[in-house]
Amino acid sequence: MTESALPVPGWAREVAASLGEGPHVVVTGISPSGHIHIGNLREVLVGEAVCRALRERGEEVRFIFHADTADPLRKIAPGVPKEYERYLGHPIAKIPDPAGEHESYAESFLAPFERALHAMGMEIDVLRSHELYEKGVYTEVTREALEHTEELRRIMNEVTGREMPEGWSPYVPRASSGKLTGNRFVRHLPDEHKVVFVTEEGREEVADYSKGEGKLGWRVELAARWKALGVTFEPFGKDHTSRGGSTDTADLMAREVFGYPVPGRYEYEWLQIRGLGAMSSSRGIVLLPGEMLEIMPPDALRLLVLGRDPSRALDVDVAAGFPRFMDEYRAAVGEPEVPFTHLALVAQTFGEDIGGAAEALRHSGYGAAAEDEGRLARDLYYARNWAERWAPEEQRFKMTGEVPGLASQLGEEERTYLGIVAERLGTEMDAEEIQETLYSAARELGIKPRRAFAALYAALLGRKSGPKAGPFIAGAGVEVVRERLRSVAGGEV
RNA sequence: GGGCCGGUAGCUCAGUGGUAGAGCAGGGGACUUUUAAUCCUCGUGUCGUAGGUUCGAUCCCUACCCGGCUCACCA
């Protein structure tokens with residue numbers, strides 16, 4: 001996979017133009033405490049587009065995805081066993097993966113996302129905050145924060161309008177119990193880069209912040225991270241940028257405490273799933289990058305997620321509206337013209353038979369789409385996956401598991417036809433022979449082909465029409481089809 | 001309440017300072033050894049409301065109305 005072939009969007013150029021001379025560090029990130037969905041991907045893609053715009057004008061750019069793996073677990077993701085409540089307040093990098101596949105809770109969500117980023121050809125450094133803390137990347141800024149505790153507290157109080165409690169500290173140490181929450185700060189030992197604190201149980205303990213035995217509180221961490229990583233640009237979702245929000249505190253902290261210029265910013269709006277509203281990891285309503293890459297190529301996903309303008313809310317529709325999106329995408333990037341709905345039909349009809357599909361496409365005037373069989377195979381893969389998983393019912397053609405109710409309405413004549421067809425079909429027949437068999441049998445019986453085929457669709461699909469019958473039956477398997485036709489012909493419905 | 005984003009043909013949306021477009025749906029027609037597909041043809045709607053800037057605004061500014069989302073550290 002290579003990087004995007006799409007042109008750099010205009011809005012990204014404008015953003016880049018507002019940033020000064022490089023070198024630049026563009027950072028995006030999220031706390032992997034639940035599924036990382038395409039809403040989160042929007043942030044990464046905004047960052048990527050700005051990176052590309054910067055590079056286009058010759059800047060040196062480092063692009064980072066900062067996974068907040070040191071964050072405490074606040075809520076248990078859907079599907080995670082209830083026993084995990086005992087890990088509430090523990091860093092998600094230190095909690096085991098419920099499925100036992102990955103090395104931690106955080107990693108179980110991060111790994112699939114990272115894989116998708118790489119599949120998209122993204123040139124991005126994926127950093128894990130717990131590793132940064134352990135390696136000492138944040139040691140200096142942590143010391144600085146601790147030395148300016150009162151100033152930071154003042155900013156927190158003023159901006160959020162809430163009084164930080166007694167024992168508040170910009171640094172959140174991890175107790176020997178594993179918990180980050182409930183600890184009260186006592187004092188800072190700058191020479192040893194340690195803090196002394198009292199645990200929930202009232203025990204006095206010590207944490208070494210040069211070794212990752214804790215983390216900065218979220219709002220302070222944001223500003224500290226800018227300085228520690230040299231960040232010059234970061235996109236934010238609108239939840240962070242409301243007044244009194246985390247960007248407000250971080251801006252002040254950066255300027256007044258860390259002496260670091262506030263990085264360039266871009267506010268993006270949220271993605272919604274058509275008909276379902278905003279994505280929500282905690283409600284399990286998400287679209288994942290990985291599953292999206294099974295129905296479209298990376299650049300299509302870029303377009304889908306970014307939309308025309310990421311500062312605007314966007315409804316993502318991967319069901320009924322998807323074919324049109326794909327048609328526009330294909331036209332935009334110069335892919336051979338063929339309606340996506342037609343590809344879906346052909347894909348469902350021919351299954352793995354790429355040659356047959358190519359033939360059918362040529363026949364219906366879409367020869368260009370069949371020219372490159374490698375590309376065609378890929379297109380059919382996307383179309384088939386879409387049809388099976390996301391398409392509206394009327395565009396799915398899959399043999400039902402049971403005899404459809406519609407079959408019971410078939411008349412005597414039609415049943416006879418189906419019975420004859422069942423006898424004549426042979427497992428060695430190819431799609432064309434099957435088609436011929438179906439057609440000639442109808443002729444012989446004096447049934448209008450239209451009715452004969454309708455009967456077939458009723459028996460196989462439970463609907464009045466369907467894809468071209470010969471290839472479809474070849475794809476579904478002659479044996480199962482014969483069995484079905486026999487039972488319908490025999491009146492077992 | 002603050003913030004952000006919308007309010008354009010039945011539906012979904014695009015659009016530009018100079019008197020508005022697409023897709024779908026719908027109507028009509030053509031073609032085809034079933035299906036699917038394809039082709040031709042038909043769209044005057046106060047561009048949310050009221051003001052303002054301008055020679056001229058749907059597109060710029062202001063106010064208001066309606067809707068969605070977001071502010072409890074889940075983009």
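Proteins get letters first, then strands, A, B, ... in listed order; numbering begins at 1 in each. Keep in mind that this is a model prediction, so the values were computed, not measured.
Distance CD (A:Glu267) to C1' (B:G3): 8 Å, rounded to an integer number of Å. The distance between atom CG of A:Leu460 and atom P of B:U34, rounded to the nearest whole Å, is 18 Å. A:Glu234 places its CD atom 11 Å from the C1' atom of B:A75, with the value rounded to the nearest Å. For the pair A:Lys75 NZ and B:A72 P, the interatomic distance rounds to 13 Å; values are reported in whole Å.
Here B:U62 sits opposite B:A50 as a Watson-Crick or G-U wobble pair (both hydrogen-bonding atom distances under 3.5 Å). Nucleotide B:C4 is matched to B:G68 when pairs are restricted to Watson-Crick or G-U wobble geometry with both distances under 3.5 angstrom. B:A36 is unpaired under the Watson-Crick or G-U wobble criterion, no partner having all donor-acceptor distances under 3.5 Å. Pairing for B:A25 is absent, with no Watson-Crick or G-U wobble pair whose two atom distances lie under 3.5 Å.
Of all heavy-atom pairs spanning A:Ser18 and A:Val15, the tightest one is OG-O, 2.6 Å. In terms of heavy atoms, A:Trp11 sits closest to A:Val46 at CH2-CA, 3.9 Å.
In this structure, of B:A75, B:G68, B:G2, it is B:G68 that holds the atom nearest to the side chain of A:Glu269. Each of B:U70, B:A36, B:U34 was ranked by its minimum atom distance to the side chain of A:Leu345; first place goes to B:A36.
Residue-to-nucleotide contacts include no donor-acceptor pair under 3.5 Å from the side chain of A:Lys238 to the base of B:C5.
Aromatic rings of A:Phe340 and A:Phe322 (six-membered ring for Trp) have centroids within the 6.0 Å cut-off, being under it. Ring centroids of A:Tyr87 and A:His90 are separated by less than 6.0 Å, placing the two rings close together.
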Contact pattern, 5' to 3', of nucleotides 12-17 of chain B - B, S or - by protein heavy atom under 4.0 Å: BSSS--
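Not counting sequence neighbours, the partners of A:Asp309 by the side-chain hydrogen bond (donor to acceptor under 3.5 Å, both in side chains) test are A:Tyr266, A:Ser311.
Each of A:His342 and A:His37 has a nearest nucleotide on RNA chain B; the 5'-most of these lies closest to A:His342.
Here, B:G23 and B:U38 have their P atoms 13 Å apart, quoted to the whole Å.
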